[in-house]
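Quick notes on the structure that follows.
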Amino acid sequence: MVQVSQREAEVLGMAIPIAILDCDLLLHGRGHKTLDRFDLDSVSDTILLTQFGFPREFILYLVELLRDDLCRRTLRSRAISPEVQVLAALGFYTSGSFQTSMGDTIGISQASMSRCVSNVTKALVEKAPQFITFNRDPSSRELTFQEFQRVAGFPGVLGVLDCVQVAIKAPNSEDSSYVNKKGFHSVACQLVCDARGLLLSAETHWPGGLKDTDVLERSALHKQLQDFEKGWLLGDCRYPLRKWLMTPVYSPESPAEFRYNLAHTATHEIVDRTFRAIQTRFRCLDGTKGYLQYAPERSSSILLACCVLHNASLQSGLDAWTLERTDPPEQPESLEQRPEDRDSLAEDLRRQLILKHFS
């Protein structure tokens, strides 16, 4: 047995915690194909699709998109390469867990996978304004109108609006504001998408206990919409009728009102389909598989990162609804609107719309 002096023991005792920080080095050794030595080309196309959810070309695009950000976040010696960080994050987003087999595939520990997910999530959130935005260009707006009108004949649609819930673990503070109307903890995400399923707005940081109308009124989107002079969003019966937000007729009586409601429902369904597709691709967001094991702030960041990835993949030519679930959409509860909240100008606008396009 090797004998060490008290001084040597003290030095070793100080050194051990520092050494443990690089747990991948202890687990795999310097010869393992990990960290800076990992070669993405050594992973088959099949594994990339089945375990990481995307084809090779898109993963390589992501690596280059995030390379500078990820390198800045890992300046320590033997930093995990951007390729490994991206694969680790995609593995978590698309599976919802830090599986040992996932880490074994790319040669890192579960602790390092967690750090990678954190780094990639922050980098993607910083890219959100680049990938999720309303295009105010008149020609683009007209194209959007045409694409929506081809769906079910509803004119003037800028986007379809919904507020969805993503389950999270109960905050340590037991903050009741995150308990939604179904009784579980969640963050609320207000989404707007176009006819192709591209997200035009995604605000993911709201407590799940807020009503959809409260989220809308407090959102950046609400302020932005006040400046729109032409067109409107479509929202379901949980929202108030506004000149920039067309909702269904509560009790349709005429054939024209029924046709209006049918066209509204068929068009608005696009946002439900889009979120179901996002949940199916990014199973960390799928409440049927469990819930995000993080505090609200980090859960909101992961949700926004997945929204960025959804748009980036769509803009790269992937199908928005390839992995869409076929669950029937949940029927929303109607908004109990007080007389003082009614908007007579919006009511006149909707009547004119019905008369001109659905009579």
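Atoms considered below: every heavy atom in the structure, side chains included; atoms not considered: hydrogens, waters and symmetry mates.
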*So how far is it from M113 CE to L87 CG, rounded to the nearest 0.5 Å?*
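Rounded to the nearest 0.5 Å, the CE-CG separation comes out at 9.5 Å.
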
*Inter-residue atom distance I132.CD1 - L191.CG, 0.5 Å rounding*: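 Result: 8.5 Å between the selected atoms.
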
What are the two closest heavy atoms between [X] and [Y], and how far apart are they?
{"X": "V271", "Y": "C193", "value": "CA-SG, 3.6 Å"}
{"X": "E142", "Y": "K230", "value": "OE2-NZ, 2.9 Å"}
{"X": "G208", "Y": "Q165", "value": "CA-OE1, 3.3 Å"}
{"X": "G53", "Y": "R281", "value": "O-NH1, 3.2 Å"}
{"X": "A89", "Y": "V117", "value": "CA-CG2, 3.8 Å"}
{"X": "L200", "Y": "G159", "value": "CD1-CA, 4.4 Å"}

Any side-chain to backbone donor/acceptor pair from [X] onto [Y]? Under 3.5 Å, distance only.
{"X": "R238", "Y": "D212", "value": "no"}
{"X": "S219", "Y": "L216", "value": "yes"}
{"X": "D286", "Y": "T280", "value": "no"}

_Quick one, R196 with E147, criterion side chain to side chain contact (heavy atoms under 4.5 Å, CB included). Give me CA distance, side-chain angles, the key distance, then yes/no._
CA-CA 8 Å; R196 299 172 295 150; E147 290 175 340; 4.2 Å; yes

With clusters defined by side-chain heavy atoms of hydrophobic residues (ILVMFWY) lying less than 4.5 Å apart, directly or transitively, does [Y] cluster with [X]?
{"X": "V179", "Y": "V164", "value": "no"}
{"X": "L143", "Y": "L158", "value": "no"}
{"X": "F54", "Y": "F52", "value": "yes"}
{"X": "L318", "Y": "L49", "value": "no"}
{"X": "V125", "Y": "I302", "value": "yes"}

Going by the rule side-chain contact (heavy atoms from CB on, under 4.5 Å), which residues pair with [X] if we only count those two or more places apart in sequence or in a different chain?
{"X": "S299", "result": "I168, L292, Y294"}
{"X": "S139", "result": "D137"}
{"X": "K243", "result": "L349"}

Does the pair [X]/[Y] count as a salt bridge with the N-to-O cut at 4.0 Å?
{"X": "R67", "Y": "E83", "value": "yes"}
{"X": "R242", "Y": "E347", "value": "no"}
{"X": "K127", "Y": "D69", "value": "yes"}

_Take a 6.0 Å sphere around CD of E297 and say whether it holds more than 12 heavy atoms from other residues, nucleotides or ligands._
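12 or below, so no.
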
*For S201 and L221, run side chain to side chain contact (heavy atoms under 4.5 Å, CB included): C-alpha distance rounded to whole Å, both residues' side-chain angles, the deciding distance at 0.1 Å, then the answer.*
CA-CA 7 Å; S201 175; L221 174 70; 4.2 Å; yes

*asked:* Holding to ring-ring contact (aromatic ring centres under 6.0 Å, His included), I want the full list of residues that pass it with H222, two or more places apart in sequence or in another chain.
replied: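 For H222, the residues satisfying ring-ring contact (aromatic ring centres under 6.0 Å, His included) (neighbours in sequence not counted) are W244.
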
*Evaluate the criterion side chain to side chain contact (heavy atoms under 4.5 Å, CB included) for residue pair L234 and V157; output intermediate values, then yes/no.*
CA-CA 7 Å; L234 298 188; V157 180; 4.0 Å; yes

Per-pair distances, 0.1 Å, donor-acceptor, side chain in residues 256-268, under 3.5 Å, sequence neighbours excluded:
{"from": "E257", "atom 1": "OE1", "to": "E253", "atom 2": "N", "distance (Å)": "2.7"}
{"from": "E257", "atom 1": "OE1", "to": "S254", "atom 2": "N", "distance (Å)": "3.4"}
{"from": "R259", "atom 1": "NE", "to": "F358", "atom 2": "O", "distance (Å)": "2.8"}
{"from": "R259", "atom 1": "NH2", "to": "F358", "atom 2": "O", "distance (Å)": "3.0"}
{"from": "Y260", "atom 1": "OH", "to": "T247", "atom 2": "O", "distance (Å)": "2.7"}
{"from": "N261", "atom 1": "OD1", "to": "V249", "atom 2": "N", "distance (Å)": "2.8"}
{"from": "N261", "atom 1": "ND2", "to": "V249", "atom 2": "O", "distance (Å)": "3.0"}
{"from": "H264", "atom 1": "NE2", "to": "G235", "atom 2": "O", "distance (Å)": "3.2"}
{"from": "H264", "atom 1": "NE2", "to": "M246", "atom 2": "O", "distance (Å)": "2.9"}
{"from": "T265", "atom 1": "OG1", "to": "N261", "atom 2": "O", "distance (Å)": "3.0"}
{"from": "T267", "atom 1": "OG1", "to": "A263", "atom 2": "O", "distance (Å)": "2.7"}
{"from": "H268", "atom 1": "NE2", "to": "L161", "atom 2": "O", "distance (Å)": "2.7"}

_Audit row: Q149, F154, side chain to side chain contact (heavy atoms under 4.5 Å, CB included) steps and yes/no_ = CA-CA 5 Å; Q149 191 155 3; F154 206 111; over 6 Å; no

*Remaining members of L314's ILVMFWY cluster at a side-chain heavy-atom cut-off under 4.5 Å?*
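L314 shares its hydrophobic cluster with L198.
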
